[in-house]
Amino acid sequence: MMHRFIALLGANATGKSTRMNEYIKTLGDPDSVLDYHFHKNGEDIVLKSAGHIYGDMLIVGRHTRKGSWAGGDYTMGRLGSIVCIQEFFTHLDSIGIKTVVYEAFFGAANSAYRPEQIHKYFEDSHCYWFLYDDIQDYIDRTSNRSGRPWAERNKTPFDSAGWKGNLSFFKAFDKTTLEVVGTNSTVQRVSINAPRDWFIDEMKKYSR
């Protein structure tokens with residue numbers, strides 16, 4: 001069994017990958033890059049750059065050509081099914097990984113990452129959720145990311161997948177908060193306005 005699962009989860013354009021990237025910069029070049037071989041729908045698939053390995057820690061994902069970080073949205077998105085994700089965790093355990101660090105928007109509420117499931121592979125988990133309370137914050141941040149005002153789009157912010165995902169994540173947050181009661185695991189919200197280097201400081205407590 002692996003030791004720890006650490007995840008940044010939640011809404012679109014809340015800065016999860018930015019904060020992860022800031023942390024990765026402090027680590028420098030990885031000891032190795034994981035290429036993962038798996039089977040899906042009768043095919044043999046090679047998932048290039050599924051994660052960066054530092055000692056016995058894996059950070060799920062890879063850098064894009066633009067230098068940003070594509071984490072679980074890339075790796076777990078390619079794996080797709082719960083079975084493939086669980087086989088991935090089993091493989092990580094077999095190669096000596098003890099800590100998995102993960103961030104994602106797509107599939108953030110997937111039951112595969114809920115404490116009751118994740119504790120089958122990890123001794124404890126620590127999930128940080130980035131969520132919008134105000135639709136205006138969502139409008140401002142997603143407009144800034146795309147460079148395209150919502151007024152020019154063919155749908156309203158309320159009808160967008162990103163906002164609907166944000167609302168559904170509150171349910172996942174409430175459920176996982178209850179599931180960690182009485183365990184060594186934690187679930188907590190983080191302000192979308194937290195500093196870019198917030199995760200750097202947060203990770204220091206896991207290295208003590």
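All figures in this text were calculated on a predicted structure; none of them were measured in a lab.
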Original post:
In terms of ring plane angle, is the pair W163 and Y132 parallel, tilted or perpendicular, where the classes change at 30° and 60°?
Top reply: tilted

Original post:
Should the ring pair W129 and F169 be called parallel, tilted or perpendicular, given that the plane angle runs from 0 to 90° and is split at 30 and 60?
Top reply: tilted

Original post:
Taking the six-membered ring where the residue is Trp, are the ring centres of F89 and F122 under 6.0 Å apart?
Top reply: yes

Original post:
Linking I/L/V/M/F/W/Y whenever their side-chain heavy atoms sit closer than 4.5 Å, directly or via other members, would V101 and Y121 fall into one cluster?
Top reply: no

Subject >> Interatomic spacing from CE in M1 to OG1 in T90 - rounded to 0.5 Å >> reply: 10.5 Å

**OP:** First locate atom OG1 of T14, then atom CG of L9, and finally report the distance between them rounded to the nearest 0.5 Å.
**Re:** 10.0 Å

Original post:
Taking the side chain as C-beta and beyond, is there a heavy-atom pair between L8 and Y23 under 4.5 Å?
Top reply: no

**OP:** Go through R78 and I45 one step at a time and tell me if the side chain to side chain contact (heavy atoms under 4.5 Å, CB included) criterion holds.
**Re:** CA-CA 10 Å; R78 288 287 306 279; I45 302 172; 3.7 Å; yes

Subject >> Over 12 non-hydrogen atoms of neighbours within 6.0 angstrom of NZ in K40 >> reply: yes

Original post:
Does a side-chain heavy-atom distance below 4.5 Å link L167 with F158?
Top reply: no

Original post:
Do the non-hydrogen side-chain atoms of H3 and D124 ever get within less than 4.5 Å of each other?
Top reply: yes

**OP:** Measure across P115 and V180 and return the closest heavy-atom pair with its distance rounded to 0.1 Å.
**Re:** CG-CG1, 3.6 Å

Subject >> Interatomic distance, C127 atom SG to Y113 atom OH [nearest 0.5 angstrom] >> reply: 11.0 Å

Subject >> side chain to side chain contact (heavy atoms under 4.5 Å, CB included) between Y128 and E202, worked out >> reply: CA-CA 10 Å; Y128 303 90; E202 191 68 18; 2.8 Å; yes

**OP:** Answer whether the closest heavy-atom distance between the side chains of Y138 and P157 falls below 4.5 Å.
**Re:** yes

Subject >> I82 side chain reached by Q117 side chain, heavy atoms, under 4.5 Å >> reply: no

**OP:** Kindly work out whether a path of hydrophobic side-chain contacts (I/L/V/M/F/W/Y, heavy atoms less than 4.5 Å apart) joins F88 to I95.
**Re:** yes

Subject >> Over all atoms of both residues, closest heavy-atom pair of L131 and R189 >> reply: O-NH2, 3.1 Å

Original post:
Counting only heavy atoms not in N41, do more than 12 sit closer than 6.0 Å to its CG atom?
Top reply: no

Original post:
Taking all atoms of both residues into account, what is the closest heavy-atom pair of S185 and S125, and its distance?
Top reply: OG-N, 2.8 Å

List the atom pairs, donor and acceptor, that lie under 3.5 Å between side-chain atoms in residues 60-73 and the rest of the protein, sequence neighbours left out.
| from | atom 1 | to | atom 2 | distance (Å) |
| --- | --- | --- | --- | --- |
| H63 | NE2 | N21 | OD1 | 2.9 |
| T64 | OG1 | K66 | N | 3.3 |
| T64 | OG1 | G67 | N | 3.4 |
| T64 | OG1 | S68 | N | 3.2 |
| T64 | OG1 | S68 | O | 3.4 |
| T64 | OG1 | S68 | OG | 2.8 |
| W69 | NE1 | V60 | O | 3.2 |
| D73 | OD1 | F105 | N | 3.0 |
| D73 | OD1 | F106 | N | 2.9 |

Original post:
Do D174 and K171 sit within salt-bridge range, that is, some charged N less than 4.0 Å from a carboxylate O?
Top reply: no

Subject >> Short side-chain donor-acceptor distance under 3.5 Å, T75 and Y36 >> reply: no

Original post:
If you look at every heavy atom in M57 and L27, which pair is closest and at what distance?
Top reply: CE-CD1, 3.8 Å

Subject >> Between CD1 on residue I192 and CG on residue D137, distance to nearest 0.5 Å >> reply: 4.5 Å

**OP:** Would you check if R196 and T18 make a side-chain contact, meaning some heavy-atom pair closer than 4.5 Å?
**Re:** yes

Original post:
M2 and L92: which non-hydrogen atoms are nearest, and at how many Å?
Top reply: SD-CB, 3.9 Å

Original post:
Salt bridge between E22 and K25, side-chain N to carboxylate O under 4.0 Å?
Top reply: yes

Original post:
Same cluster or not: are F130 and I59 linked, directly or through other Ile, Leu, Val, Met, Phe, Trp or Tyr residues, by side-chain heavy atoms under 4.5 angstrom apart?
Top reply: yes

Donor-acceptor list for residues 46-56 side chains, cut-off 3.5 Å, not counting sequence neighbours:
| from | atom 1 | to | atom 2 | distance (Å) |
| --- | --- | --- | --- | --- |
| K48 | NZ | D35 | OD2 | 3.1 |
| Y54 | OH | G28 | O | 3.1 |

Original post:
Is a side-chain donor-acceptor pair under 3.5 Å present for T186 with H126?
Top reply: yes

Original post:
Once you round to the nearest 0.5 Å, how far does CZ of R19 lie from CD1 of I200?
Top reply: 11.5 Å

**OP:** Check whether the ring centres of F5 and Y102 lie less than 6.0 Å apart, and answer yes or no.
**Re:** yes

Original post:
With a 4.5 Å heavy-atom cut-off, do Y206 and I6 have their side chains touching?
Top reply: yes

Subject >> Atom pair CG (N184) and CD (E123), whose distance is rounded to the nearest 0.5 Å >> reply: 9.0 Å

Original post:
What closest approach, in Å, do K16 and A11 show between heavy atoms, and which atom pair accounts for it?
Top reply: NZ-O, 2.7 Å

**OP:** Would you indicate whether the side-chain heavy atoms of F199 and T26 approach each other to under 4.5 Å?
**Re:** no

**OP:** Evaluate whether atom CG of D29 has more than 12 neighbouring non-hydrogen atoms of other residues, nucleotides or ligands under 6.0 angstrom away.
**Re:** no

**OP:** Determine, step by step, whether H91 and L34 satisfy the side chain to side chain contact (heavy atoms under 4.5 Å, CB included) criterion, reporting the C-alpha distance in whole Å, the side-chain angles of both residues, the deciding distance to 0.1 Å, and the verdict.
**Re:** CA-CA 11 Å; H91 174 73; L34 175 68; 4.3 Å; yes

